[in-house]
S.K.: 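Below is the structure I would like to discuss, written out as structure tokens.
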There are 2 protein chains.
Amino acid sequence: MDLDTVRTFVAAADAGQFQQAAAELAVTQQAVSKRIAALERNLGVRLFTRTPRGAELTIDGQAFLPHVRELLRVAERAVASVRTGRRPLRVDMIASRTAASGLMRGFHRAHPEIELDVVMLFDIETALAAIRSGAIDASFRAVAVPGRPLPEDIESVRVLDEPLQLLTGPAHALASARSVTVAQLAGHRIWMPGIVPGTEWAAYYDDLVAEFGLTIEATGPNFGSDALLDTIADTPALATFMGEQTRLVWPAGHGLRRIPVTDPTPVYPHSLLWHRDNPHPALATLRAHLAATAAGHDAVGTWAPDWVIPR
Amino acid sequence: MDLDTVRTFVAAADAGQFQQAAAELAVTQQAVSKRIAALERNLGVRLFTRTPRGAELTIDGQAFLPHVRELLRVAERAVASVRTGRRPLRVDMIASRTAASGLMRGFHRAHPEIELDVVMLFDIETALAAIRSGAIDASFRAVAVPGRPLPEDIESVRVLDEPLQLLTGPAHALASARSVTVAQLAGHRIWMPGIVPGTEWAAYYDDLVAEFGLTIEATGPNFGSDALLDTIADTPALATFMGEQTRLVWPAGHGLRRIPVTDPTPVYPHSLLWHRDNPHPALATLRAHLAATAAGHDAVGTWAPDWVIPR
DNA sequence: CCTGGCCACAACCAACGGTTGTACTCATAG
DNA sequence: CTATGAGTACAACCGTTGGTTGTGGCCAGG
């Protein structure tokens, strides 16, 4: 199916005749006739009843029309998403299903008229390059690369500290605990196959391990969260970390437990990064929204690496 | 833009390389390369960074991808809407923004997994023919054509009596009334340019006029509800009827009034019609939903033509 | 009965989009 | 360092698609 053909169908349906539709589309009436005939042949149904005074929609055509209108709207949004200048606000985040995703959902609810696109870049270095080049407008990241400050043209604000929780199967030694301290985790095997070496995400866990003497294994291929959850559920000796706000497709009957971690509570520090000179109007709206909604967190009893930007 | 090209883009993005995408699509690698190149040329952005090991999405490509996935979903729904056999439940109603539309919205909320299409046919005769031919699965109509009973293979149930209200501008003589009786309406000009002669909708108002001696003018072209509302708001001598549940784009600052009508309250009798042998599974669901939700209306003090099917 | 308006069919032609063949690039293994 | 393999791009070729012009048929209205 070709979108030009679809546009022709809509034009003919609106005009009620092929001739006028042809004039609007700047083609001949015969071209419209052929396009509609081809569309009808492909679909296997008649869309118009031809009369000597024009063409009117059949019932099938009536049912088809709103769907193709939607199709053209979606196509327009798709093209707009890569249009240079005046494109939707493009935000990078570390992964879907994290707290950053929740923040963006909240922003979308508050401002449904603002078009958004979400991308997931490799690490903060890539994100910074994309911000400076204008390829993205903002990024939710833990500002990492210990010892290297942010470039001067990049601004940032720490928007959310997301507490980590321990995720275990029902047979795990800590499965029945209402909460665990970091000290209790020493000696337990914590498995995080999703960690990609070289990212600020990995640097965070490196620091966590160094600070509290934990055992985190990032070995093995990452088969996705479904496989991870299955393994955690079935393996008493394994647990994993997970953001408090991480949304999972929670497998029923697996008996998985989410257990808060305390003394201190490791928090993943999400910051918003953007370019000082970015003129996108929606960026200011996003910053204002985050400033208004994400304020007032409690830093007492939490831990984050010392290289992250301060709150 | 061509949907085959879009499918090629999605396949290449999923595979991470053109070669494998080409194999899945049963074309040569060169064809995929040309399609992607053409798409990039049309959009004016690069979607993939080519490497000797494959091709990975650029940031623009990442932003574009979810939009085109949605595009393909919508296209599939569009095609499904005219597929013969196993197509969405197709329901005819007299107009959008009426009570029937509200009933279908409620059904959709209760069963969001059921695909629906709405069409608006000319009159009940056309609807009956469409039901018998299988072109539609059900119709919300006032069962009219006085004196002619429904064919034996058509079943029906009266699902909702929608009270009519008087709509006036602020300067109308009845504008400040909390409610009006039908007797009070005699002598006032009621303007309904939307009525199409020959329909059961027109038959209803003919009966209403005959029964209570009202003055209803259906003259003049129908420029849509916006123009109707504007005229009603500005013309003290004109009023119109409107279903109690009719949803309007209510113009601000026009001072329009909706006034209940009593002694008796004219109600528009919406019935659901369907073919005795229609096997569409969603039809049974719809009937059950309507039976469960639309029950228990009060017939006392209301009026409807005597040719409609009994409640 | 003629005319005007509109759609469909036929013939023709350009351009798009596919295939095959080939060159180039880079990672990896020997 | 070189050979190999995997992957992409470019060029040439060609059939099919989709456009145009020309023409005929149909029906409503004057």
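Note that these values count all heavy atoms, side chains included, but never hydrogens, waters or copies made by symmetry. Within every chain, numbering begins at 1; the chains are lettered A, B, ... in the order of the sequence lines, protein sequences first and strands thereafter.
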S.K.: Any chance you could lay out the side-chain contact (heavy atoms from CB on, under 4.5 Å) test for A:R141 and A:I94, step after step, and finish with the verdict?
M.R.: CA-CA 6 Å; A:R141 293 273 161 183; A:I94 191 164; 4.1 Å; yes
S.K.: For B:R50, give me all partners under salt bridge (charged side-chain N to carboxylate O under 4.0 Å, His left out), at least two apart in sequence or on another chain.
M.R.: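 Here the qualifying residues are B:E40.
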S.K.: Rounded to whole Å, how long is the line connecting atom CZ of A:R35 with atom P of C:dA8?
M.R.: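 Roughly 15 Å, once rounded to whole Å.
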S.K.: Are the side chain of A:E200 and the backbone of A:I124 linked by a donor-acceptor contact shorter than 3.5 Å?
M.R.: yes
S.K.: Under the rule for salt bridge (charged side-chain N to carboxylate O under 4.0 Å, His left out), what residues qualify as partners of A:D206, not counting sequence neighbours?
M.R.: none
S.K.: Return the residues of residues 1-26 of chain A meeting this criterion: a heavy atom under 4.0 Å from some atom of DNA chain D. Order them by number, or give none.
M.R.: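 Listed by number, there are none.
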S.K.: Between residues 36-48 of chain A and DNA chain D, which residues have a heavy-atom gap below 4.0 Å?
M.R.: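 Residues of residues 36-48 of chain A under 4.0 Å from DNA chain D: none.
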S.K.: With the criterion being N/O to N/O and under 3.5 Å, what pairs connect the protein with nucleotides 10-13 of chain C, and how long is each?
M.R.:
none

S.K.: By side-chain hydrogen bond (donor to acceptor under 3.5 Å, both in side chains), which residues pair with B:T126, not counting sequence neighbours?
M.R.: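 Here the qualifying residues are B:D123.
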S.K.: With rounding to the nearest 0.5 Å, note down the distance linking CG in B:D117 to CD1 in A:I59.
M.R.: 12.0 Å
S.K.: Can you name the ring-ring contact (aromatic ring centres under 6.0 Å, His included) partners of A:F48, sequence neighbours left out?
M.R.: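 With neighbours one apart ignored, the set is A:F9, A:F18.
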S.K.: Any heavy-atom pair between the side chains of B:F241 and B:I216 that's under 4.5 Å?
M.R.: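 Heavy-atom side-chain distance check passes, below 4.5 Å.
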S.K.: Considering residues at least two apart in sequence or located in another chain, which fulfil the salt bridge (charged side-chain N to carboxylate O under 4.0 Å, His left out) criterion with A:D60?
M.R.: B:R90
S.K.: Under the rule for ring-ring contact (aromatic ring centres under 6.0 Å, His included), what residues qualify as partners of A:Y205, not counting sequence neighbours?
M.R.: A:W201
S.K.: Tell me, please, which residues at least two apart from B:D2 pass salt bridge (charged side-chain N to carboxylate O under 4.0 Å, His left out).
M.R.: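 B:D2 satisfies salt bridge (charged side-chain N to carboxylate O under 4.0 Å, His left out) with no other residue.
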S.K.: Looking only at side-chain N and O atoms, does A:S33 come under 4.0 Å of OP1 or OP2 in C:dA8?
M.R.: yes
S.K.: In B/S/- notation, 5' to 3', how is nucleotides 25-30 of chain D contacted by protein heavy atoms closer than 4.0 Å?
M.R.: -BSSS-
S.K.: Can you identify which nucleotide, out of D:dT8, C:dA8, C:dG18, has its nearest atom closest to the B:A55 side chain?
M.R.: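 So the nucleotide nearest the side chain must be D:dT8.
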S.K.: Mind checking B:V27 for me? I need base, sugar-phosphate or nothing, with any heavy atom below 4.0 Å counting as a touch.
M.R.: sugar-phosphate
S.K.: Could you check whether B:R73 pairs with B:E70 (Lys NZ or Arg NE/NH1/NH2 to Asp/Glu carboxylate O, under 4.0 Å)?
M.R.: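 Salt bridge present between B:R73 and B:E70.
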S.K.: Is B:T28 near enough to C:dG18 that one of its side-chain N or O atoms lies under 4.0 angstrom from OP1 or OP2?
M.R.: no
S.K.: Could I get the full list of side-chain hydrogen bond (donor to acceptor under 3.5 Å, both in side chains) partners for A:D230, not counting sequence neighbours?
M.R.: A:H254
